[in-house]
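To find a chain, count down the sequence lines: A is the first, B the second, and so on, and within it residues start at 1.
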Protein chains: 4
Amino acid sequence: MPKLNHEAKTKRKKMILDAAFKVFSQLGYNDTTMDHIVTESGISKGGIYTYFTSKEEVFLEIASSRFRKRSELLLQMRQDYMDQTGQTHYELLMRDYLKSILQSLSDPDVLNTAKFSFEFWSIATREPTLNQVAQQRYHNFYQVLAEQLSEGIDAGYFSKNIHLDAVGYIILSTLDGMMHTHAIMGIKIPNHAIDQYVESIMSILLAL
Amino acid sequence: MPKLNHEAKTKRKKMILDAAFKVFSQLGYNDTTMDHIVTESGISKGGIYTYFTSKEEVFLEIASSRFRKRSELLLQMRQDYMDQTGQTHYELLMRDYLKSILQSLSDPDVLNTAKFSFEFWSIATREPTLNQVAQQRYHNFYQVLAEQLSEGIDAGYFSKNIHLDAVGYIILSTLDGMMHTHAIMGIKIPNHAIDQYVESIMSILLAL
Amino acid sequence: MPKLNHEAKTKRKKMILDAAFKVFSQLGYNDTTMDHIVTESGISKGGIYTYFTSKEEVFLEIASSRFRKRSELLLQMRQDYMDQTGQTHYELLMRDYLKSILQSLSDPDVLNTAKFSFEFWSIATREPTLNQVAQQRYHNFYQVLAEQLSEGIDAGYFSKNIHLDAVGYIILSTLDGMMHTHAIMGIKIPNHAIDQYVESIMSILLAL
Amino acid sequence: MPKLNHEAKTKRKKMILDAAFKVFSQLGYNDTTMDHIVTESGISKGGIYTYFTSKEEVFLEIASSRFRKRSELLLQMRQDYMDQTGQTHYELLMRDYLKSILQSLSDPDVLNTAKFSFEFWSIATREPTLNQVAQQRYHNFYQVLAEQLSEGIDAGYFSKNIHLDAVGYIILSTLDGMMHTHAIMGIKIPNHAIDQYVESIMSILLAL
DNA sequence: GATGAATGAGAATTCATTCAT
DNA sequence: AATGAATGAATTCTCATTCAT
């Protein structure tokens with residue numbers, strides 16, 4: 001018989017995760033101590049350990065919740081680009097999706113998510129548990145993307161000759177690269193670069 | 001009158017750096033202890049401190065020596081793509097340069113350098129000293145790249161309408177992204193992706 | 001809401017300080033390791049660091065608490081040498097004060113305090129933070145002493161012609177010297193020396 | 001067959017001792033590293049170990065050579081205070097001896113010797129070998145002093161009723177105390193204090 | 001369930017001493 | 001004899017995790 005109902009528990013957990021996200025983003029995994037999370041969350045040391053078994057688990061759980069966003073954004077945007085007849089303008093969708101991802105980097109929360117994300121990969125490289133999660137997230141994103149592209153091909157928007165796996169790989173990794181340069185290296189994307197980048201991706205999809 | 005001549009010292013330093021590079025690449029900066037470097041190098045704890053003042057300095061020195069490679073490769077390739085009349089085939093140069101960078105990731109040493117490089121960025125985000133070095137390296141690479149592109153424009157190979165800073169940013173960051181996905185995320189580049197990627201970059205340069 | 005109340009904390013802190021005082025007195029600052037304090041206090045390595053931030057702070061805190069004693073003794077004795085009319089017999093006071101300071105050196109705890117005190121000065125010479133504390137302690141003691149002497153002059157016990165600063169300096173430093181010879185050099189004060197010393201100081205005060 | 005003759009060896013040893021004295025005085029025993037001595041003396045690390053077996057031995061040897069000075073000064077001054085008939089004015093001798101000891105503290109070299117001396121005692125407290133040397137030095141000084149006092153009594157300068165051991169103890173330890181306050185605590189002796197101090201000692205000797 | 005004091009296994013760095021050259 | 005690079009034991013301090021209250 002739990003003394004705290006489910007809702008209260010979830011709320012407490014969220015407090016911890018939000019605080020941890022903040023400090024992990026700012027200080028990185030290694031430089032973040034449990035005391036940082038304690039201070040930021042206002043929850044006691046022992047308290048954190050009733051919700052999570054370790055620092056790594058806190059880190060992992062943040063990753064799991066945050067990493068859905070990119071693919072969710074794509075799915076959500078697809079709804080917006082569907083007209084009354086159920087037709088989706090895939091070209092416009094992709095173009096705007098890529099742009100909005102890169103433009104959103106000026107939003108501090110998105111920036112922090114990007115920072116966290118790369119920090120996560122940095123740690124995940126050496127931690128099998130994390131690595132698995134990270135791989136899944138990549139493949140999940142890949143699936144969603146590939147689906148849109150595939151539908152875009154079927155709908156006649158994209159070239160039939162593109163290799164889905166190659167294009168998917170390019171989009172995901174170059175997008176990551178732009179975000180990395182911006183978020184981690186701290187080098188801001190020049191004005192024209194976003195458009196130029198989007199066009200170069202479109203040149204592949206449209207097989208210009 | 002030093003007992004070890006310059007050559008012997010350099011050799012010993014190299015032993016330490018090579019060992020450190022190996023463990024840093026594998027374990028990352030934080031998980032690498034001086035004991036790891038001691039074991040791997042075969043040099044005593046104190047011995048390492050006669051050549052370096054701290055763990056960070058070892059890390060930094062590796063970075064400084066390894067980071068020149070990418071821009072050096074470009075400069076070197078330019079020599080190879082110059083014909084007898086002193087004309088350089090810039091289009092071919094860029095195409096082959098991008099390909100060779102990405103293809104070289106199958107080489108374990110290059111892979112480790114890539115891993116080390118991202119590890120370096122991860123740490124450099126929080127360490128002003130390292131960050132400065134990292135930024136310099138990026139801008140140095142940018143300069144070299146921009147020069148080639150600029151010459152390529154003048155020689156009529158690339159479109160006059162491209163924005164050097166935008167294109168430079170895209171090339172550097174997307175290249176990083178591909179390397180990151182390959183080296184850190186451990187997701188190998190699909191066969192066609194390299195060519196496809198190169199063509200998309202060329203589509204920008206040629207303003208197709 | 002602290003789990004340990006103030007009293008319990010103070011008690012634990014005292015345990016550490018007592019243990020540290022013991023080992024510092026015996027081994028000196030440099031030869032005392034945190035492990036010595038751990039062993040002597042029975043408190044874990046980390047535990048000590050919850051109460052003190054460094055070895056130096058432990059040392060300093062001991063100094064701060066022990067150093068008040070000499071001037072406190074003088075002030076307390078003054079109360080005892082005051083008769084019903086509020087008159088203090090300053091000559092007797094000074095005589096007995098000097099004697100009791102030197103005689104107390106046979107008490108092991110006083111001896112250890114003396115040892116600690118000189119160890120403190122030895123370290124304080126090179127550590128600005130400690131030095132400041134040490135200087136303050138000297139001047140505080142000087143103030144208290146000068147006050148008694150001044151009052152003794154006004155009350156007609158001591159000569160009007162004495163130079164307070166000179167006499168104060170002599171008393172403080174020669175007292176220190178006797179204590180040093182006894183505590184550090186381990187050469188016990190001969191029977192008659194205490195009386196002889198006290199008389200020589202009185203000969204100054206009384207301007208014989 | 002030594003390659004270096006005795007003179008050259010002695011010179012080299014002196015270089016080490018002078019350098020070591022300088023750094024020991026300034027930094028104290030513990031904070032002085034062999035590298036400091038190496039740098040200051042210009043003699044190699046190994047070189048020092050051909051003349052001394054350890055850091056402690058260097059320290060000890062300095063002590064042994066420097067510690068004679070105080071008693072030597074007294075003996076030398078006695079010569080100066082002897083008139084043509086072989087009579088020594090012991091009262092004047094003692095007065096001037098005490099004064100010159102305290103006044104000499106303004107000389108940097110004497111000040112350093114005093115600093116070194118207290119540093120030596122600080123270490124000697126815990127090191128039996130050093131402690132023995134230190135004790136010997138004290139007793140040697142005591143002997144010389146007692147001899148002068150004894151002769152002074154016989155010659156009718158000093159009171160027959162003084163206890164040699166008590167007076168000797170007082171002179172040696174209070175002198176040390178004044179020097180300690182000046183050299184270690186860094187509190188300069190006030191103008192009148194030296195005279196006042198000397199008179200108080202004389203009041204004992206003359207049994208005023 | 002919550003708290004926060006206590007724990008102790010590391011980690012980076014120092015430095016007296018050694019010894020091959 | 002002299003050199004100085006190499007050694008490694010020792011030291012201070014950190015911090016994820018535990019557990020008595």
Just compare [options] and give me whichever is closest to any side-chain atom of [X].
X	options	answer
A:M34	E:dA16, F:dT17, F:dA2	F:dT17
B:K45	F:dA10, F:dT12, E:dT17	F:dA10
A:R12	E:dA5, E:dT13, E:dA2	E:dA2
B:T33	E:dT17, F:dT12, E:dA12	E:dA12
D:K9	F:dA1, E:dA16, E:dT7	F:dA1
A:S44	E:dA2, E:dA12, E:dA16	E:dA2

Atom [atom1] of [X] to atom [atom2] of [N]: distance rounded to whole Å?
X	N	atom1	atom2	value
C:Y51	F:dC13	OH	P	18 Å
A:Y29	F:dC15	OH	C1'	12 Å
A:D31	F:dT14	CG	P	13 Å
A:N30	F:dT14	CG	P	16 Å
D:E57	E:dT17	CD	P	10 Å
A:H36	F:dC15	NE2	C1'	11 Å
D:M15	F:dA2	CE	C1'	13 Å
B:I43	F:dG4	CD1	P	20 Å

**Study point:** C:E7 and C:K14 ion-paired at < 4.0 Å
**Key:**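 Judged by the 4.0 Å cut-off on N to carboxylate O distance, C:E7 and C:K14 do not form a salt bridge.
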Point to revise | Pair A:K22 + A:D18: basic N to acidic O under 4.0 Å | key: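 A salt bridge is absent here (no side-chain N lies under 4.0 Å from a carboxylate O).
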Exercise for review: On DNA chain F, check which nucleotide each of C:G47 and B:G47 is closest to and give me the residue with the more 5' one.
Suggested key: B:G47
**Study point:** side-chain contact (heavy atoms from CB on, under 4.5 Å) partner of B:I123, the single match among B:L60, B:L130, B:N131
**Key:** B:L130
Review point. Are more than 12 heavy atoms from other residues, nucleotides or ligands located less than 6.0 Å from atom CD of D:Q132?
Key: no
Review point. Do the side chains of C:F24 and C:E119 get nearer than 4.5 Å, heavy atoms only?
Key: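 They are not in side-chain contact.
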Exercise for review: I would like to know whether B:F59 and B:F116 meet ring pair (Phe, Tyr, Trp, His ring centres under 6.0 Å); could you show each step before the answer?
Suggested key: CA-CA 9 Å; B:F59 191 63; B:F116 181 89; 4.9 Å; yes
Check your understanding: Watson-Crick or G-U wobble partner for F:dT14, using a 3.5 Å limit on both distances?
Key ->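 Pairing partner: E:dA9.
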Point to revise | Watson-Crick/G-U partner (both atom distances under 3.5 Å) of F:dA2 | key: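 Across any shown strand, F:dA2 pairs with E:dT21.
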Check your understanding: Below 4.0 angstrom from OP1 or OP2 of F:dG8, is there any side-chain N or O of B:Y49?
Key -> no
Practice item. Tell me what C:S54 touches on the nucleic acid: a base, only sugar-phosphate, or nothing, going by heavy atoms under 4.0 Å. Key: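 C:S54: backbone/sugar contact only, no base atoms under 4.0 Å.
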Review point. If you pin B:D35 and C:I48 to their nearest nucleotides in DNA chain E, which one's is more 5'?
Key: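 First, find each residue's nearest nucleotide; the 5'-ward one identifies C:I48.
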Study note, to complete from the structure: When B:T32 and C:T50 are each assigned the nearest nucleotide of DNA chain E, the 5'-most assignment goes to C:T50
